[in-house]
Amino acid sequence: MIAFVSGPVAALAPTTAVVEVGGVGMAVQCTPNTIAGLRLGEHARLATSLVVREDSLTLYGFADDDERQVFELLQTASGVGPRLAQAMLGVHRPDALRLAVSTGDEKALTAVPGIGKKGAQKLLLELKDKLGAPLGSSGLVGAQRAAATGPAPWTEQLSAALIGLGYASREAEDAITAVTPQAEEALAETGSVPVPHLLRAALQTLNRAR
């Protein structure tokens with residue numbers, strides 16, 4: 001198993017980072033939050049989990065070991081593969097997921113694209129004794145408080161991801177403004193904002209502007 005990769009960031013895309021390790025570029029699948037913390041040319045260390053399939057080897061990358069552990073624990077639930085586990089971590093931090101599971105918060109889980117009400121109920125039952133209690137104070141309550149007192153979390157995530165991809169703050173602000181109607185529509189229909197989808201839409205807007 002590849003436990004981590006460490007080296008300069010050679011390339012960044014909305015869901016992928018390429019880290020140079022010993023002269024080899026390792027493509028690592030990451031959440032927008034993780035991508036947002038990386039900068040081209042700067043050194044990075046990502047905890048990783050290698051997912052082996054008959055026709056592929058996919059390396060998933062995380063900001064720290066705790067996030068990787070939660071990613072792997074989520075997949076012990078039936079019906080949860082690496083893509084859904086990563087989507088859950090793209091919407092909620094590890095402690096937010098622990099808090100949601102420990103308190104039986106269906107709404108928090110249905111905020112993840114691909115998880116409906118019945119799926120959330122099933123996950124709450126299966127994960128109840130696996131994730132454990134929140135480790136710190138950065139869980140769902142803190143996230144909800146931040147949302148009530150400041151900018152929407154999705155705007156912060158999107159801005160950080162765009163700046164991490166090399167765009168200027170002003171460009172990021174313009175792109176966020178352009179995709180805000182899509183975000184509001186998704187929020188009204190599903191109660192959640194699909195950040196990865198919005199990131200792709202924002203990049204299309206920026207590419208057209210250039």
| said: According to a hydrophobic-cluster definition based on side-chain heavy atoms being under 4.5 Å apart (Ile, Leu, Val, Met, Phe, Trp, Tyr only), do Phe4 and Leu73 belong together? | reply: no
| query | Do Leu109 and Leu124 come close enough that some side-chain heavy atom pair is under 4.5 Å? | reply | yes
| message | Check whether Gln69 reaches the backbone of Asp65 with its side chain - one donor and one acceptor, N or O, closer than 3.5 Å. | response | no
| said: So does Ala168 get a backbone contact from the side chain of Glu171, meaning a donor-acceptor N/O pair under 3.5 Å? | reply: yes
| note | Here the gap from Asn33 atom CG to Glu156 atom CD, rounded to the nearest 0.5 Å, amounts to 10.5 Å
| query | Checking Gln86 side chain against Gln29 main chain: does a donor-acceptor pair fall under 3.5 Å? | reply | yes
| field | Gln182 vs Leu198, side-chain contact (heavy atoms from CB on, under 4.5 Å): CA-CA, chis, key distance, verdict | value | CA-CA 8 Å; Gln182 296 180 45; Leu198 288 177; 3.9 Å; yes
| With a 4.0 Å cut-off, would you call Asp66 and Arg98 a salt bridge? | yes
| Atom NE2 in His43, atom CG in Leu38: separation rounded to 0.5 Å? | 11.5 Å
| query | Crowded around Arg83 CZ? As in, over 12 foreign heavy atoms under 6.0 Å? | reply | no
| said: Is there a side-chain contact between Met26 and Val21 in this structure, where contact means two heavy atoms from C-beta onward sitting under 4.5 Å apart? | reply: yes
| task | With the side chain counted from C-beta on, respond yes when Leu89 and Phe62 share a heavy-atom pair under 4.5 Å apart, and no when they do not. | result | yes
| remark: Heavy atoms of Ala11 and Leu40 approach each other most closely as CA-CD2, 3.5 Å
| note | All heavy atoms of Ala202 vs all of Val179, minimum pair found to be N-CG1, 3.7 Å
| What about Leu97 and Leu125, same hydrophobic cluster or not, with Ile/Leu/Val/Met/Phe/Trp/Tyr joined at side-chain heavy-atom distances under 4.5 Å? | no
| field | Asp64/Arg68 salt bridge by N-O under 4.0 Å criterion | value | no
| Rounded to the nearest 0.5 Å, what separation is found between the CG atom of Leu84 and the CD1 atom of Ile115? | 4.5 Å
| request: For residues Glu126 and Ser78, determine if any side-chain heavy atom of one lies less than 4.5 Å from a side-chain heavy atom of the other. | output: yes
| Can you name the closest pair of heavy atoms from Pro113 and Val91 and give their distance? | CD-CG2, 4.1 Å
| field | Residue that, paired with Cys30, satisfies side-chain contact (heavy atoms from CB on, under 4.5 Å) out of Leu59, Thr48, Leu46 | value | Leu46
| query | Is it true that a side-chain atom of Thr180 and a backbone atom of Ile176 form a donor plus acceptor pair closer than 3.5 Å? | reply | yes
| query | Ala77 and Leu127: which non-hydrogen atoms are nearest, and at how many Å? | reply | CB-CD2, 3.9 Å
| said: Nearest 0.5 Å, please: how far is CD1 in Ile35 from OG1 in Thr16? | reply: 6.5 Å
| said: Would you compute the distance between atom CD of Glu72 and atom NZ of Lys130 and round it to the nearest 0.5 angstrom? | reply: 13.5 Å
| said: Any heavy-atom pair between the side chains of Arg39 and Leu12 that's under 4.5 Å? | reply: no
| task | Could you tell me whether the side chain of Arg170 reaches within less than 4.5 Å of the side chain of Glu173, counting heavy atoms only? | result | yes
| Taking the side chain as C-beta and beyond, is there a heavy-atom pair between Pro94 and Phe71 under 4.5 Å? | no
| task | Indicate the atoms forming the closest heavy-atom contact of Ala120 with Glu106, along with that distance. | result | CB-O, 4.0 Å
| field | Working for side-chain contact (heavy atoms from CB on, under 4.5 Å), residues Val9 and Val18 | value | CA-CA 6 Å; Val9 178; Val18 177; over 6 Å; no
| request: Under the side-chain contact (heavy atoms from CB on, under 4.5 Å) rule, what do Thr205 and Asp174 come out as? Steps first, then yes or no, please. | output: CA-CA 9 Å; Thr205 298; Asp174 289 343; over 6 Å; no
| Arg93 backbone acceptor or donor facing Glu67 side chain under 3.5 Å | no
| task | Determine, stepwise, if the pair Arg53 / Val51 fulfils side-chain contact (heavy atoms from CB on, under 4.5 Å). | result | CA-CA 7 Å; Arg53 295 287 185 265; Val51 176; 3.3 Å; yes
| query | Side chains of Val5 and Val28: closer than 4.5 Å at any heavy-atom pair? | reply | yes
